[in-house]
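Take a look at the structure below.
All residue numbers in this chain count up from 1 along the given sequence. Atoms within a ligand are numbered from 1 in the order they appear, just like the ligands themselves.
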Amino acid sequence: MRLDKYLASAGKGTRRTVKEYIKKGQVTVNEQIVRDDSYQVDETNDIVTLFSEVVDYQKFYYILLNKPEGYVSATTDKIYPPVTDLVSEYDFANIVPVGRLDVDTTGVLLLTNDGQLNHRLLAPKFHVDKTYYIETDFPIDKKMITAFKEGIILDGEKTLPGDLEIIDEKKAYLTIHQGKFHQVKRMFQYFSLKVLTLDRVKFAFLTYEGLNRGEYRLLNKEEIRELKKLAKQEE
Ligand code: URA
């Protein structure tokens, strides 16, 4: 990885500021001053210092994005821009979205390059709750509360218990633990309702509070620890 990227990804400043540090001779690699910002660092073996202090290299990144409409949950696509375009400053880390939100779905979307955690967060056996805010074209029937609790048949299988909270006649929250293709839309379609608005307001304990659509932030240590605990992943 380029030296300037290495420093920026370790939180030592923007690409522009770290380039300055490099130019001024404030950075060493294996005890030698390096003034070339494109110098290729071996992340596992090289020892990099800035202002004479060793720089810790960060391997995994965990990003919480408030996904806007019009972006596809992928890293490339032929039609729509991918969500990774919104977090392009982390391109170097090869982050990918954790599961999928449809192009027209908004809200909490995690992105990470921690493949093991990504996989586990999606596994139904770990029961990570996902809560959606929904608006429909016609009134939501109260009988759907029981039906979703008991499970309905999608793809020839019963869905895991879901918790439907009706807000008013055409608005509700639904919490589910699975992520089948178009699951929420199809659960409502089962009752002949079209989902007009779908916003994921919560993924596990994470919300997009404080983030406008299209904005993102890194998870803090406590949040990462908590997610790993949920996914029963060792630190
Ligand atoms: N269920 C859906 O139908 N779409 C989503 O984007 C997420 C859950």
Side-chain angles (χ1 to χ4, degrees), residues 63-87 95-112 117-141 144-145 147-167 170-209 211-216 227 230-231:
I63 296 165
L64 192 165
L65 167 73
N66 182 354
K67 180 190 172 296
E69 273 189 61
Y71 284 82
V72 69
S73 301
T75 54
T76 56
D77 191 71
K78 288 202 179 92
I79 305 171
Y80 298 99
V83 284
T84 44
D85 277 8
L86 295 163
V87 292
I95 51 163
V96 297
V98 177
R100 299 187 136 261
L101 287 181
D102 297 335
V103 169
D104 55 351
T105 302
T106 53
V108 180
L109 183 64
L110 285 183
L111 296 110
T112 184
L117 185 67
N118 188 336
H119 182 73
R120 285 170 165 246
L121 287 174
L122 298 177
K125 74 170 173 173
F126 293 117
H127 290 279
V128 173
D129 288 351
K130 292 150 213 138
T131 302
Y132 296 88
Y133 167 76
I134 295 145
E135 289 180 9
T136 54
D137 54 350
F138 289 104
I140 301 163
D141 195 316
M144 289 166 64
I145 298 175
F148 288 170
K149 201 161 251 103
E150 290 173 354
I152 58 163
I153 305 294
L154 287 185
D155 307 327
E157 272 180 9
K158 230 183 195 193
T159 53
L160 293 176
D163 185 19
L164 181 68
E165 187 193 328
I166 299 176
I167 305 168
K170 293 183 195 170
K171 291 182 185 148
Y173 288 112
L174 174 64
T175 302
I176 54 174
H177 317 292
Q178 289 168 291
K180 284 175 180 284
F181 187 61
H182 295 325
Q183 177 153 350
V184 174
K185 289 176 185 165
R186 289 197 295 150
M187 285 173 79
F188 278 75
Q189 183 59 46
Y190 190 89
F191 291 93
S192 306
L193 293 178
K194 192 168 158 45
V195 170
L196 301 178
T197 298
L198 186 55
D199 183 35
R200 183 151 73 188
V201 294
K202 220 167 171 193
F203 181 97
F205 52 89
L206 298 165
T207 69
Y208 54 69
E209 197 191 330
L211 297 172
N212 292 321
R213 296 276 187 233
E215 289 184 341
Y216 60 89
L227 271 187
L230 274 180

Salt bridge or not between Lys180 and Asp155? Use side-chain N to carboxylate O under 4.0 Å. yes

For the residue pair Tyr208 and Tyr216, is the inter-centroid distance of their aromatic rings smaller than 6.0 Å? no

Report yes or no: do Thr84 and Thr75 form a side-chain donor-acceptor pair below 3.5 Å? no

I'd like to know whether the aromatic ring centres of Phe203 and Tyr132 sit less than 6.0 Å apart in this structure. no

Does the pair Asp104 and Lys185 meet the rule for a salt bridge (Lys or Arg N to Asp or Glu O under 4.0 Å), with working shown? CA-CA 11 Å; Asp104 55 351; Lys185 289 176 185 165; 2.8 Å; yes

So, Asp199 and Lys67, do they make that salt bridge, N to O below 4.0 Å? no

Please tabulate, one line per pair, the protein N or O atoms found under 3.5 Å from any N or O atom of ligand 1, giving the distance to one decimal.
from	atom 1	to	atom 2	distance (Å)
ligand 1	1 (N)	Val184	N	3.1
ligand 1	3 (O)	His182	O	3.2
ligand 1	3 (O)	Gln183	N	3.4
ligand 1	3 (O)	Val184	N	3.3
ligand 1	3 (O)	Lys185	N	3.0
ligand 1	4 (N)	Asp102	OD2	2.7
ligand 1	6 (O)	Asp102	N	2.7
ligand 1	6 (O)	Asp102	OD2	3.4
ligand 1	6 (O)	Thr105	OG1	2.8

